[in-house]
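Here's the structure we're looking at; comments come further down.
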Amino acid sequence: MKFNVITIFPDQLLQTLEFGVIGRAIENKIIELNFIDPREFSDNDYGSIDDKAYGGGPGMVMQVEPILSSIEKVKKESKNNIQTVFLSPQGEQYTQKHAELFKKQSEIIIVSGRYEGFDERVIGLTKNSVEISIGDYVLSGGEIAASVIIDSITRLIPGVLGDEQSAVLDSFTSGLLDHPHYTRPEIVRDKEVPNVLLSGNHEAIKRWRLKQSIVTTFKKRPDLLKQRKLSKDEQKLLDEYLEELDE
């Protein structure tokens with residue numbers, strides 16, 4: 001998969017992505033990173049691509065032409081109708097479902113903003129685009145958000161993770177948080193690994209893990225359960241937990 005990233009700080013992005021499984025995916029050419037610096041399309045000798053906002057106010061705004069020209073450059077070089085992702089606080093909240101949808105595409109364009117953001121006309125003039133936000137907070141620029149999106153998509157691509165089941169069992173993939181994990185030693189400061197995990201009974205372990213996943217989601221992210229319809233077996237496990245609380 002090819003990630004075309006429009007950013008004025010490509011080195012910052014690369015430094016966050018060149019390690020671990022994502023770094024190996026780049027090295028093994030499972031994914032390709034293509035950086036486009038919109039300053040290449042600046043209309044002045046200083047290479048600046050921002051200006052003061054109409055109507056006044058603090059901060060600078062990224063101009064239309066440098067961003068649009070960067071997007072058009074990528075689309076001209078590609079045979080696909082590439083989707084453009086604008087990173088913006090006003091965008092849809094990014095979720096695992098977005099990652100799964102983006103993963104189905106052969107390439108995408110990610111536009112990393114700076115300053116007070118983009119001139120609004122950039123988004124209106126870009127066909128097949130979506131605005132995405134990684135959370136309800138403000139960052140100095142979109143490079144960190146771009147790294148998050150690239151990482152979350154890449155780990156879903158076959159051949160990236162050592163065990164393909166890792167991505168399938170991740171939190172949010174099923175709409176639930178992940179179950180607790182344990183490793184050696186069996187006892188640490190009087191805290192023991194749950195007996196079921198040592199039993200060798202794979203069905204019992206599977207049931208325990210599912211129950212813990214449901215319980216963890218119920219306690220920490222009840223909003224996810226409201227969005228996801230539990231199966232009869234899953235509802236039974238949740239009811240078991242609620243009965244245990246009343247005992």
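Just the heavy atoms: all of them, side chains too, but no hydrogens, waters or symmetry mates, feed the values below. The shown structure was predicted, so the numbers you read here are calculated from the model rather than taken from an experiment.
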### Query
Asp119 and Gln63: side chain to side chain contact (heavy atoms under 4.5 Å, CB included), yes or no, with the steps?
CA-CA 6 Å; Asp119 184 308; Gln63 296 172 304; over 6 Å; no
### Message
Tell me whether Leu101 shares a hydrophobic cluster with Ile157, the cluster being built from Ile, Leu, Val, Met, Phe, Trp, Tyr side chains joined at under 4.5 Å.
### Response
no
#### Entry: Path from Phe86 to Val130 over hydrophobic side-chain contacts below 4.5 Å
no
### Task
Walk me through it: do Gln83 and Gln105 pass the test side chain to side chain contact (heavy atoms under 4.5 Å, CB included)?
CA-CA 9 Å; Gln83 186 170 30; Gln105 303 181 43; 2.9 Å; yes
### Message
Ignoring hydrogens and geometry beyond distance, is a side-chain donor-acceptor pair present between Asp233 and Ser231 at under 3.5 Å?
### Response
no
### Query
Would you find more than 12 non-hydrogen atoms of other residues, nucleotides or ligands less than 6.0 Å from Tyr46 atom OH?
no
### Query
With a 3.5 Å cut-off and no angle check, do the side chains of Glu107 and Asn4 form a donor-acceptor pair?
yes
### Query
Honestly curious: do Phe102 and Val111 fall in one hydrophobic cluster under the side-chain, below-4.5 Å linking rule?
no
### Heavy-atom neighbours of His202 NE2 exceed 12 at 6.0 Å
no
### Message
Would you say Thr84 and Thr126 are linked by a side-chain donor-acceptor pair, where the criterion is simply a distance under 3.5 Å?
### Response
no
### Query
Does any donor atom in the side chain of Asn80 or Ser106 lie under 3.5 Å from an acceptor atom in the other side chain?
yes
### Query
Heavy atoms, side chains only, cut-off 4.5 Å: are Ile150 and Leu33 in contact?
yes
### Query
Parallel, tilted or perpendicular: which fits the ring planes of Phe218 and Tyr241, with parallel below 30° and perpendicular above 60°?
perpendicular
### Message
Between Thr16 and Ile144, does the side chain to side chain contact (heavy atoms under 4.5 Å, CB included) criterion hold? Intermediate values first, please.
### Response
CA-CA 8 Å; Thr16 61; Ile144 293 174; over 6 Å; no
### Task
Run the numbers on Gln96 and Leu156 for side chain to side chain contact (heavy atoms under 4.5 Å, CB included), then give the verdict.
CA-CA 10 Å; Gln96 187 70 15; Leu156 297 175; 3.6 Å; yes
### Message
Taking the basic N atoms (NZ, or NE/NH1/NH2) and the acidic carboxylate oxygens, is any pair closer than 4.0 Å for Lys211 and Glu234?
### Response
no
### Query
Can Asp239 and Gln235 be counted as having a side-chain donor-acceptor contact under 3.5 angstrom?
yes
### Query
Between Tyr94 and Ile149, is any pair of side-chain heavy atoms under 4.5 Å apart?
yes
### Query
So does Arg228 have more than 12 non-hydrogen atoms from other groups sitting under 6.0 Å from CZ?
yes
### Query
Do Ser133 and Gln93 have a side chain donor and acceptor closer than 3.5 Å?
no
### Task
Treat each ILVMFWY residue as a node, draw an edge where side-chain heavy atoms are under 4.5 Å apart, and state whether Val160 and Phe3 are in one component.
yes
### Residues Arg207 and Glu240 bridged, charged N to O under 4.0 Å
yes
